[in-house]
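Below: the structure, in structure tokens.
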Amino acid sequence: MNRSAILSLLLLALLLLSGCRQSHQSSCLIMGTMENHTLDGKTIYLVPLVGPHDAAHVDSTTIENARFQFEVDSTDVKVIRVGYRYREGIEDMLVVSEPGTVNVHIGKLSSCGGTPQNDSLQAWKDSMERYRMLLYQLQTAKRKTNDKDAVQARLEQLYDRQQHYIADFTERQPKGALKDVLMKLYPQPNNK
């Protein structure tokens, strides 16, 4: 084989390898862990947040050694959940199937991260958890106090602060699946 033929073959091989690498980078690999092994052998599902929940749109896999994995080729917001019979005490988890590797932990308090939108999604989830905890504490205090007006004022301040946080958080997000969902969940007067 002459030198130009060898160089042509090497160039072709490099192009093919880079094409394979780029197609893998455009997909989302969801690497999941479970809180414990009690669901080994059970099915876990990747379900669209919005849209049809039929066989063509729902993916599933088996949990093995408290681990699971999904590969997705489109960017969308999805829900990871176990079957109905096994959901007690296990929190569903929203994920954005954006290019890259998303690390998910499913359990009593589920979490995600590893890509920009999923890191943001986890920050939003953490903020919402803090808000719910404070809301519960104030509602409990309101039932037990004689000064219900003071506690009600604190509840209204908490609500206003959370609404401002959500609006600012949504505004800071780059265009993408997460921002689209947040804008639908929390429409702002200037978001039409």
**Request:** Could you tell me which non-hydrogen atom of Val104 sits nearest to which non-hydrogen atom of Cys112, and how far apart they are?
**Result:** CG2-CB, 4.1 Å
**Request:** Name all residues meeting the side-chain contact (heavy atoms from CB on, under 4.5 Å) criterion together with Arg87; count only those two or more places apart in sequence or in a different chain, and write none if there are none.
**Result:** Arg81, Val82, Tyr84, Asp92
**Item:** Arg85, CZ atom: more than 12 neighbouring heavy atoms under 6.0 Å
**Value:** no
**Request:** State, to 0.1 Å, how close Thr62 and Phe68 come at their nearest heavy-atom pair, and which atoms those are.
**Result:** O-CB, 4.4 Å
**Asked** Around atom NZ of Lys184, are there more than 12 heavy atoms of other residues, nucleotides or ligands at under 6.0 Å?
**Response** no
**Item:** Any donor-acceptor N/O pair, Ser110 side chain to Glu91 backbone, under 3.5 Å
**Value:** yes
**Item:** Side-chain donor-acceptor pair present, Asn118, Gln122, cut-off under 3.5 Å
**Value:** no
**Prompt:** What's in the same ILVMFWY side-chain cluster as Val47, cut-off under 4.5 Å, chained through other members?
**Reply:** Tyr45, Val58
**Request:** State, with a plain yes or no, whether a side-chain heavy atom of Trp124 is found less than 4.5 Å away from one of Leu178.
**Result:** no
**Prompt:** Between atom CD1 of Ile63 and atom NE2 of His37, what is the distance when rounded to the nearest 0.5 Å?
**Reply:** 11.0 Å
**Prompt:** Would a distance-only check, ignoring hydrogens and angles, find a side-chain to backbone donor-acceptor pair under 3.5 Å from Gln117 to Gly176?
**Reply:** no
**Fill in**
Correct closest heavy-atom pair for Ser74 and Ser97 would be O-OG, 2.6 Å
**Request:** Taking all non-hydrogen atoms of both residues into account, name the closest pair between Cys28 and Val96 and its distance.
**Result:** SG-O, 4.3 Å
**Asked** Would you say the side chain of Leu109 lies within less than 4.5 Å of the side chain of Ser111, judging by non-hydrogen atoms?
**Response** no
**Prompt:** Any side-chain heavy-atom pair from Leu46 and Val95 closer than 4.5 angstrom?
**Reply:** yes
**Item:** Pairwise side-chain contact, Met34 with Lys42, heavy-atom cut-off 4.5 Å (strictly under)
**Value:** no
**Worked verdict on Tyr165 versus Arg161 for side chain to side chain contact (heavy atoms under 4.5 Å, CB included)** = CA-CA 6 Å; Tyr165 169 80; Arg161 231 184 6 230; over 6 Å; no
**Message:** Would Ser127 and Arg130 count as a side chain to side chain contact (heavy atoms under 4.5 Å, CB included) here? Give the steps.
**Reply:** CA-CA 5 Å; Ser127 170; Arg130 285 189 301 275; 3.8 Å; yes
**Request:** Assess whether side chain to side chain contact (heavy atoms under 4.5 Å, CB included) is satisfied between Gln139 and Leu155, documenting all intermediate values.
**Result:** CA-CA 8 Å; Gln139 289 170 335; Leu155 279 166; 4.2 Å; yes
**Full working for side chain to side chain contact (heavy atoms under 4.5 Å, CB included) between Met93 and Lys125** = CA-CA 10 Å; Met93 187 67 222; Lys125 181 181 182 288; 3.8 Å; yes
**Asked** Do the non-hydrogen side-chain atoms of Arg154 and Leu158 ever get within less than 4.5 Å of each other?
**Response** no
**Prompt:** Shared ILVMFWY cluster between Tyr131 and Phe169, side chains joined below 4.5 angstrom?
**Reply:** no
**Request:** Scan side-chain atoms only and decide if Thr38 and Asn36 contain a donor-acceptor pair under the 3.5 Å cut-off.
**Result:** yes
**Message:** Are Leu185 and Met128 linked, directly or through intermediate hydrophobic residues, by side-chain heavy-atom contacts shorter than 4.5 Å (ILVMFWY only)?
**Reply:** yes
**Request:** Kindly compute the distance separating CG (Asp180) from CG (Asp76), expressed to the nearest 0.5 Å.
**Result:** 9.5 Å
**Message:** If hydrophobic clusters are built from ILVMFWY residues whose side chains come within less than 4.5 Å, do Ile30 and Leu94 share one?
**Reply:** no
**Request:** Examine Ile80 and Tyr86 and state if one hydrophobic cluster contains both, with Ile, Leu, Val, Met, Phe, Trp and Tyr joined whenever side-chain heavy atoms are less than 4.5 Å apart.
**Result:** yes
**For the student: nearest non-hydrogen atoms of His53 and Leu49, plus distance** = NE2-O, 4.3 Å
**Prompt:** Any donor and acceptor pair, going by atom type alone, linking the side chain of Asp73 with main-chain N or O of Ser27 inside 3.5 Å?
**Reply:** no
**Prompt:** Short question: side chain of Thr170, backbone of Met183 - any donor-acceptor pair under 3.5 Å?
**Reply:** no
**Request:** Evaluate the side-chain proximity of Met31 to Arg67: yes if any heavy-atom separation is below 4.5 Å, no if none is.
**Result:** no
**Side-chain heavy-atom pair Val77, Leu121 within 4.5 angstrom cut-off** = no
**Prompt:** Shortest non-hydrogen contact from Pro99 to Thr115?
**Reply:** O-CG2, 3.9 Å
**Asked** Is the backbone of Gln173 close enough, under 3.5 Å, to the side chain of Lys179 for a donor and an acceptor to pair up by distance?
**Response** yes
**Asked** Looking at side-chain heavy atoms only, is the closest gap between Phe70 and Ile44 below 4.5 Å?
**Response** yes
